[in-house]
Amino acid sequence: MKSLTAALVVLFALSLEPSEVTGTCRNYCDRYDTGEGTIPCTAKLTRQGMNYKSCGFLWRSRCEKGSYMYYSKGYKCCRQTCKVNGGWDSWSSWSVSSHCSRTCGKGYQTLVRSRSCRRPSPKNGGRDCSGQSTERSTHNSCFIRPCKVDGRWSTWNSWSYAGSCSVSCGKGMRTQTRTRTCNNPSPSYGGKPCSGGNTKSRDVTCIRSPCSRDGMWSSWSKWVKDGKCSVTCGEGIRKHARTRSCNNPVPKNGGKDCMGSRKEITLKQCTEKVCPLEDPLQCKQKTCSMYGNCKCAFGFYGDGFTCKGSRGKKFLLLFMETISDLQSEVTSNRSTEIHVAALDPSNIKLQSSSENLRSLPFSGGKSVSTGASTLKIPISFRTTDFKTEKKAILLESTNPVSVFSLNHDGYSSDSTLILPVERLGTKYIVGSTDPYSSRDKAHKSQVAVAALQDNTVVTIKLKMKSNTSLYYRNKRYFSGDKMTVNLNMFGSFQLSHQTDLTGTLVDANRPVAVFAGNRCNKLQRFGYCSHLIEQLPPITDLDSKFIVPPSLETSGTRVRIVSPRKTRVLFYLNSGKREKVMQPGMSHDAEFHGDHSVYIEADGPIMVLSFAVRMGRGGQGDPYMSIVPGLNQYLSQYYILVPTGYTKNFLSVILKAEAKSKLLIDGKPISGKSIISERKVTAWREGHVVLVLQVSPGGHRLETTDGSRFGLMVHGQSDGDNYGYAANIVKLS
């Protein structure tokens, strides 16, 4: 045990000696790299030996007996160290060490590079590398995204003219403009546009050639007698005339002459000396009118020998086809009605063809008292498209009456004044409306003709859209083609089309009654369709001057002008003026919202139609159709009928302003409470007033105490339904 301990001590001592280096021993130190080297040295060498002894069988084996140590001095090569100074390696590549100096556009960012003190690394107390291990540069450009650029204006351009002079002659104004552009710079990358406008304008004076000046009428002169009294004694009629001159101003520089007549004639009552008893009326030379004893009866205008008006004793009626595919809840609410307004008790009799007479009520006669009466007719008397039928009805009365008809289908109805047979003509121009949908047969435009005599030949010259046609008796007809229909007494014929038939001409060899309208049309996308119908006046009864009243309780009015020949039309609306030259068969429309004042003047006969129109989703009323009476169709006396079944009924009265106080309704001055609307209109240098009066159903008598003539239209409404008609469309003078 003691010997083992000694051995361990020896080994520990040896570990403290310089380490031995094999190979050649040089005295050097690699100071630039490792700092390691060698040096010759002497050292005490310790060796160990082993003792052996004989052992085993016959002492033939050799066995260890123990160990021993022996010492000596010898040459060695020992390791040594020396200082190694540090050296830099190469710089690294530049790399980004910070964000760009700007969030948009061109900026700068810091770059960094580094080196390490490891070539060689300092060792054994050698010096560290001198200088910086890191180097930075701040001159590197960077770009993240484009910056927003707000626009700025360029300088203004020079002034230049925009448009023409405001007048074609004389002194007017012309607009100059100048512009600038938002390009200094232009807004980009989400930048704000330039504020303010890019255009400036100013009005400067412009001079054109001298204007032509249209002539205008002076005021009318006073009424003066023009001729002798129609009788030498008793009560008669005398012409009175008044004149005006086209000098206010006179036409100049090729201007147009005044439109209309320089002279106006009216008939006034005259009284001469008392007639001898044997010849009290002095009517020998002429035959007195059937509507008066050498003096026109109430509701007529004339000299006693010729009396005109819409009242009469014989009327030819026809009911056009309406919607055929009604809902079940509406079919029970269909009616075809004749309304009669009688001033005196009368006996009414209806006649028709023998094949329809059995189903026609009142063919044996019906007594009607003073006031309003309604005669209901089977709906089988309504006409059918493109069939020659005998569905006309003749109404005869023992005393003069006013008549209008009403077609009613649930929430669709309209009415028309019926003309006495002596006011029928042979030439007509059709007024209707363009069907709202060409694919819906319920919206079709319609024309119907009724004959009072046998061997009546009717020629219809069609006016349709140029790319459409219709078929009749296996023949195709286009716009401009003529269709011929032969009718006998009570004969009727109806045609319809999916486009507007307005402008179609009807020409017959004998007087006929002509009706036109639509089965059930919408005039705007709002509201519902409604039946439209009017009996048309012959072309000879068309007028040239009109004042159009508003369609109250609806949100607007559409006015349609139809011209049978080339005509110049002046259109005045709320002090504005339009002019239109209309070719034969042409129509012109205008629409107005709410209350308005419109008057129209033409240099030839025209027909003016008025339609109630729902202008917006919140408006009221469905359409109805009325002919607007002209100034020469005004009467001084009316007896009209207002139907039952409508919640509101109105009379539109058009008369001269000074005659308002002379107007009586049912024998009394008009009440302020009954006036729903009052609109003043200055037309033809004279003041007029348009009154809308609310009235109750039944018969009403209207007249002026001084004989002033006035226009009258009747209309009314209920929930979703309307009607309307003119009280007279017969031209009187």
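Not measured: the values here are computed from a predicted model.
- Ring-centre distance between Phe710 and Tyr638: below the 6.0 Å cut-off.
- Remark: the backbone N or O of Ser445 is not paired with any side-chain donor or acceptor of Asp500 at under 3.5 angstrom.
- A 4.5 Å side-chain heavy-atom check between Asp409 and Arg382 finds at least one atom pair inside the cut-off.
- A 4.5 Å side-chain heavy-atom check between Phe319 and Lys391 finds every atom pair outside the cut-off.
- For the pair Val485 and Val449, the minimum side-chain heavy-atom distance is 4.5 Å or more.
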- Query: Given Ser496 and Asp385, is the side-chain hydrogen bond (donor to acceptor under 3.5 Å, both in side chains) satisfied, shown in steps?
  - Reply: CA-CA 6 Å; Ser496 65; Asp385 276 345; 2.4 Å; yes

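- Formation of a donor-acceptor pair under 3.5 Å by the His531 side chain with backbone atoms of Arg519 is found in this model.
- Looking at Val512 and Leu487, their side chains never come closer than 4.5 Å, going by heavy atoms from C-beta outward.
- If you take NZ on Lys376 and CZ on Phe362, they are separated by 10.5 Å, rounding to the nearest 0.5 Å.
- Here the side chain of Lys390 pairs no donor or acceptor atom with the backbone of Glu355 at under 3.5 angstrom.
- Remark: Lys545 NZ is packed, more than 12 non-hydrogen atoms of other residues, nucleotides or ligands lying under 6.0 Å away.
- In plain terms, the two heavy atoms of Leu609 and Met625 that are nearest each other are CD1-CE, 4.0 Å.
- Under 4.0 Å is where a charged nitrogen must lie from a carboxylate oxygen, and between Asp440 and Lys522 no such pair does.
- In plain terms, the two heavy atoms of Pro420 and Gly312 that are nearest each other are CB-CA, 4.1 Å.
- Judged as a side chain to side chain contact (heavy atoms under 4.5 Å, CB included), and not counting sequence neighbours, the contacts of Ser310 are Leu417, Asn728.
- Below 30°, between 30° and 60°, or above 60°: for Tyr572 and Tyr599 the angle between ring planes is below 30°, a parallel geometry.
- Annotation: the span from Ile561 atom CD1 to Lys580 atom NZ amounts to 10.0 Å, rounded to 0.5 Å.
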- Message: side-chain contact (heavy atoms from CB on, under 4.5 Å), that's the test. Do Thr484 and Lys482 meet it? Break it down for me.
- Response: CA-CA 7 Å; Thr484 301; Lys482 292 182 178 181; 5.5 Å; no

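- Proximity of a side-chain donor or acceptor of Asp481 to a complementary backbone N or O of Phe478 within less than 3.5 Å is detected.
- Side-chain atoms of Tyr723 and Asn649 include a donor-acceptor pair closer than 3.5 Å.
- Side-chain contact between Val562 and Val430: absent, with no pair of heavy atoms (C-beta onward) separated by less than 4.5 Å.
- For the pair Arg560/Phe611, a side-chain contact is recorded, criterion being any heavy-atom separation below 4.5 Å from C-beta on.
- Annotation: side chain of Phe381 is in contact with side chain of Ser359 (closest heavy-atom distance under 4.5 Å).
- For the pair Val559 and Phe571, the tightest heavy-atom approach, listed with the atom from each and the gap, is CG1-CE1, 4.4 Å.
- Of all non-hydrogen atoms in Gln633 and Arg709, the two that sit nearest each other are N-NH2, 4.4 Å.
- Side chain of Asp543 to backbone of Pro629: no donor-acceptor contact under 3.5 angstrom is found.
- Salt bridge Glu396/Lys314: present, at least one basic N to carboxylate O contact under 4.0 Å.
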- Task: I would like to know whether Thr557 and Val598 meet side-chain contact (heavy atoms from CB on, under 4.5 Å); could you show each step before the answer?
- Result: CA-CA 11 Å; Thr557 303; Val598 178; over 6 Å; no

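- The minimum heavy-atom distance between Asn399 and Pro345, with the atom names listed, is ND2-O, 2.8 Å.
- In this structure, Phe493 and Tyr472 have perpendicular ring planes: the angle between them is above 60°, well past the 30° mark.
- One finds the CD1 atom of Ile379 at 12.0 Å from the NE2 atom of His408 (value rounded to the nearest 0.5 Å).
- The structure places CG of Leu495 at 6.5 Å from CG of Leu462, a figure rounded to the nearest 0.5 Å.
- The shortest distance between side-chain heavy atoms of Asn518 and Ser432 falls below 4.5 Å.
- The backbone N or O of Pro643 lies less than 3.5 Å from no partner atom in the side chain of Tyr646, so there is not a single donor-acceptor pair.
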- Item | side-chain contact (heavy atoms from CB on, under 4.5 Å) evaluation trace for Phe490 with Gln351 | CA-CA 9 Å; Phe490 302 121; Gln351 296 185 54; 4.1 Å; yes

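- A donor and an acceptor atom, one from each side chain of Thr322 and Asn407, are nowhere located under 3.5 Å apart.
- In summary, the side chains of Thr468 and Gln498 do not present any donor paired with an acceptor at a separation below 3.5 Å, with no hydrogens or angles considered.
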- Yes or no on side-chain contact (heavy atoms from CB on, under 4.5 Å) for Leu470 and Phe386, after CA distance, side-chain angles and deciding distance? CA-CA 10 Å; Leu470 59 80; Phe386 300 106; 4.0 Å; yes

- Does the side-chain hydrogen bond (donor to acceptor under 3.5 Å, both in side chains) test come out yes or no for Glu389 and Thr384, once each step is laid out? CA-CA 8 Å; Glu389 303 171 300; Thr384 308; 3.2 Å; yes

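- Without hydrogens or angle criteria, Asn347 side chain to Gly365 main chain gives no donor-acceptor distance under 3.5 Å.
- When Leu452, Asn455, Asp454, Leu424 are each tested for a side chain to side chain contact (heavy atoms under 4.5 Å, CB included) with Arg510, only one passes: Asn455.
- Tyr639 and Leu343 get closest at one heavy-atom pair: CD1-CD2, 3.6 Å.
- Of the possible polar contacts, none joining the Ser563 side chain to the Gln583 backbone as a donor-acceptor pair under 3.5 Å is found.
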